[in-house]
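Inspection log for the structure reproduced underneath, given as structure tokens.
Remember, predicted model here, so these are calculated numbers, not experimental data. Only this structure's heavy atoms are used, side chains among them; waters, hydrogens and symmetry mates stay out.
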Amino acid sequence: MLENLLRQTHKAGGGELRFATGEKVVIATPGGEQEAAPETTATAIQQLLVPVMPPPARQAIASGRAEWMMRHAELGEIRVVAKVEGKKLSASFFVTTSDAAPAAAGQKNVDAPTPVAEGGGGTAEMDALFKQMFEMKASDLHMCVGAAPMVRHDGEIRSLPGRGILSAADIERILWPIAPERNHEEFKRRHDTDFAYEIRGLSRFRCNFFMDRKGMGAVFRVIPSKIITAEEMGLSKEILDLCFLSKGLVLVTGPTGSGKSTTLCALIDFINRNRKDHIITIEDPIEFVHDNKNCLINQRQVGEHTDTFKDALRAALREDPDIVLVGEMRDLETVSIAIETAETGHLVFGTLHTSSAASTVDRIIDQFPADRQDQIRVMLASSLKGVISQMLCRKIGGGRVPALEVMLGVPSISNLIREAKIFQIPSIMQTAKRIGMCLMNDSFLDLVKKGVVEPREAYVKAVDKQGLLTMFKSNNVDTAWLASMQGSA
């Protein structure tokens with residue numbers, strides 16, 4: 001019986017052959033699940049397992065779980081996981097159709113995307129979920145105990161069609177095979193871990209595993225294989241001019257999920273096509289992959305190629321870079337080294353989770369002790385060349401578009417930073433539109449007037465809501481929807 005079901009699983013394209021006490025035997029493939037045999041008993045499952053279970057697995061199952069690899073003459077390596085929960089016995093056989101394993105007699109190997117080893121050996125179940133979310137054009141996939149897989153589509157969370165509720169055992173079975181060994185160890189130590197996973201021909205995914213009160217969970221972010229260029233994003237000439245600086249600090253800021261990585265990627269790609277320099281990126285994990293065009297690019301991943309951001313940033317100074325990208329400026333020491341790097345003749349790009357240009361300057365300075373703030377203020381005044389703050393809005397008709405606030409490090413802005421008059425920065429930006437500066441509310445208004453974004457959506461995303469309403473009224477933008485919002489509140 002087991003032999004026939006394994007062959008059937010392989011023929012279906014590879015996946016999981018699942019047995020559970022009192023349940024029907026199921027084959028889970030990239031195309032979905034199908035019943036393969038009637039309900040089975042614990043005794044029947046045990047009879048299937050005993051002949052293929054090595055002695056260490058027999059000892060391990062006594063504690064509730066055993067995992068081992070079995071070798072099939074025609075199907076290759078098969079991973080087996082068996083569990084005992086109370087009186088319920090379950091077993092899963094994970095069958096692959098990789099080129100490494102010989103095909104069954106008279107059968108060709110399935111031509112499917114091959115997972116890259118960076119994220120571990122992928123499973124058919126997880127790859128099927130990735131493929132489904134990618135085809136939906138969702139940005140994120142969420143998996144947690146007691147709920148069906150959910151995706152973020154056009155900024156809203158919704159259930160993934162055709163997927164059932166996941167148990168703790170389901171989550172572990174689906175997730176663990178795609179994680180590298182070092183992340184297994186990190187998760188056991190910290191109860192969370194990050195890594196990247198790629199399916200060639202489809203996309204890369206940024207992965208985060210975590211523990212909550214119900215058990216293990218995960219969130220995945222799609223990182224498109226094709227880089228969106230600065231021209232396709234419609235970035236202004238003033239923003240692109242920042243890419244030709246010889247030194248200085250350029251920051252891309254915004255809340256989580258606002259598209260900072262995409263904008264930074266577009267800027268690095270623009271430099272790669274238009275300069276002949278050495279670029280070092282420090283990321284956790286590596287998201288967009290850049291090939292050498294006119295530039296030499298080295299991409300380093302925290303936790304794999306270096307211990308911390310600050311260690312990699314210190315080392316970068318001895319690696320002859322022209323441009324350095326710091327994926328996250330998380331702590332005081334990383335921020336301090338980034339500013340020093342910008343001051344010593346390098347162009348540094350970085351990110352912060354702030355919502356405006358002025359708050360970005362405040363956040364950087366406030367990270368330092370009071371006795372160092374005057375010094376940092378002077379250094380920042382001379383090194384900060386640009387801040388791009390962004391917010392993603394739902395487009396009319398589907399999709400999302402960024403609203404951008406742009407501050408340039410002109411002398412008037414530098415003077416305000418040096419003199420600790422940060423509160424006056426928005427006024428300077430308001431009067432400097434002709435040189436490319438733009439406040440967030442101006443960007444919202446522009447998107448609304450062009451018919452790209454609904455006024456309601458812009459209002460929901462705005463920080464200065466009253467200021468945006470005033471702009472709507474002075475530009476004859478319909479605000480009838482506001483009454484319904486206030487009524488519901």
Side-chain angles (χ1 to χ4, degrees), residues 30 32 113 127-143 147-163 199 201-206 219-236 239 252 254-267 269 287-288 355 388-405 438 440-463 465 468-469 471-472 475 477-482 484-485 488:
D127 290 345
L129 288 168
F130 283 144
K131 183 177 180 182
Q132 188 176 357
M133 72 173 290
F134 184 82
E135 290 174 346
M136 288 179 63
K137 297 183 178 179
S139 61
D140 300 84
L141 169 65
H142 294 253
M143 298 175 67
M150 306 188 83
V151 294
R152 184 177 295 277
H153 186 266
D154 289 349
E156 295 183 340
I157 295 289
R158 59 184 67 177
S159 295
L160 197 61
R163 299 289 176 174
I199 301 178
L202 187 70
S203 183
R204 284 173 63 81
F205 302 87
R206 188 182 71 198
V219 179
F220 305 92
R221 169 71 53 82
V222 175
I223 306 167
S225 300
K226 181 182 180 298
I227 292 174
I228 301 175
T229 66
E231 293 83 357
E232 290 171 336
M233 286 188 66
L235 297 180
S236 68
I239 293 177
V252 179
T256 300
S258 61
K260 298 185 295 297
S261 297
T262 302
T263 300
L264 271 178
C265 171
L267 295 176
D269 175 71
E287 298 186 337
F288 294 91
S355 58
I388 305 163
S389 297
Q390 60 186 68
M391 194 84 67
L392 278 183
C393 300
R394 283 200 304 275
K395 292 171 65 177
I396 297 171
R400 291 194 286 177
V401 63
L404 301 178
E405 177 169 292
C438 178
M440 186 64 77
N441 276 358
D442 291 316
S443 184
F444 283 135
L445 179 63
D446 183 57
L447 291 172
V448 169
K449 290 173 70 174
K450 288 179 178 178
V452 177
V453 171
E454 293 279 2
R456 180 189 180 108
E457 172 70 6
Y459 176 79
V460 169
K461 293 296 175 67
V463 175
K465 297 185 187 302
L468 184 60
L469 279 179
M471 294 172 70
F472 280 169
N475 284 270
V477 175
D478 182 22
T479 57
W481 44 269
L482 187 62
S484 62
M485 287 189 68
S488 61

Contact between [X] and [Y] at the side-chain level, heavy atoms closer than 4.5 Å - yes or no?
X      : Y      : answer
Ile396 : Val452 : no
Leu141 : Val222 : no
Val463 : Met440 : no
Met233 : Thr263 : yes
Leu129 : Arg163 : yes
Ile239 : Ile388 : yes
Asp442 : Met471 : yes

Handout entry: NZ (Lys449) with more than 12 external heavy atoms under 6.0 Å
Key =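 12 or below, so no.
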Shortest non-hydrogen separation from [X] to [Y] and the atoms involved:
X      : Y      : result
Ser261 : Phe288 : O-CE1, 3.8 Å
Ser484 : Arg456 : OG-NH1, 3.7 Å
Pro455 : Trp481 : CB-NE1, 3.5 Å
Ala266 : Thr229 : CB-C, 4.0 Å
Pro161 : Gln132 : O-NE2, 2.8 Å
Arg400 : Gly257 : NH1-O, 4.3 Å

Quick check against the 3.5 Å criterion: does [X] have a side-chain atom that pairs as donor or acceptor with the backbone of [Y]?
X      : Y      : result
Asp478 : Ala480 : yes
Lys395 : Val401 : no
Lys461 : Met391 : no
Lys465 : Val460 : yes
Ser443 : Leu404 : yes
Lys260 : Ser389 : no
Ser203 : Ile223 : yes

Between [atom1] on residue [X] and [atom2] on residue [Y], distance to nearest 0.5 Å:
X      : Y      : atom1 : atom2 : value
Phe472 : Asn441 : CZ    : CG    : 8.0 Å
Leu202 : Glu135 : CG    : CD    : 8.0 Å
Leu482 : Leu469 : CG    : CG    : 5.5 Å
Arg152 : Met150 : CZ    : CE    : 10.5 Å
Phe444 : Cys438 : CZ    : SG    : 10.5 Å
Tyr459 : Glu454 : OH    : CD    : 16.0 Å

Kindly write out the residues that satisfy salt bridge (charged side-chain N to carboxylate O under 4.0 Å, His left out) with [X], not counting sequence neighbours, or none if the list is empty.
X      : answer
Asp269 : Arg273, Lys293
Asp446 : Lys450
Glu156 : Arg158, Arg394

Practice task
Begin from the C-alpha positions of Glu405 and Ser355 and carry the test side chain to side chain contact (heavy atoms under 4.5 Å, CB included) through to its verdict.
Solution key: CA-CA 9 Å; Glu405 177 169 292; Ser355 58; over 6 Å; no
Exercise for the section: Test Met136 against Leu160 for side chain to side chain contact (heavy atoms under 4.5 Å, CB included), laying out the working first. Expected result: CA-CA 9 Å; Met136 288 179 63; Leu160 197 61; 3.4 Å; yes
Problem - Ring geometry between Phe205 and Phe130 (parallel below 30°, tilted from 30 to 60°, perpendicular above 60°) - result: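 Geometry flag for Phe205 against Phe130: parallel rings.
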Handout entry: side chain to side chain contact (heavy atoms under 4.5 Å, CB included) between Asn475 and Leu445, intermediate numbers included
Key = CA-CA 9 Å; Asn475 284 270; Leu445 179 63; 3.5 Å; yes
Handout entry: Short side-chain donor-acceptor distance under 3.5 Å, Ser258 and Gln390
Key =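 Result is no, nothing qualifies.
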Handout entry: Carboxylate-amine/guanidinium contact Lys226 Glu232, below 4.0 Å
Key =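 Salt bridge between Lys226 and Glu232, a charged N being under 4.0 Å from a carboxylate O: yes.
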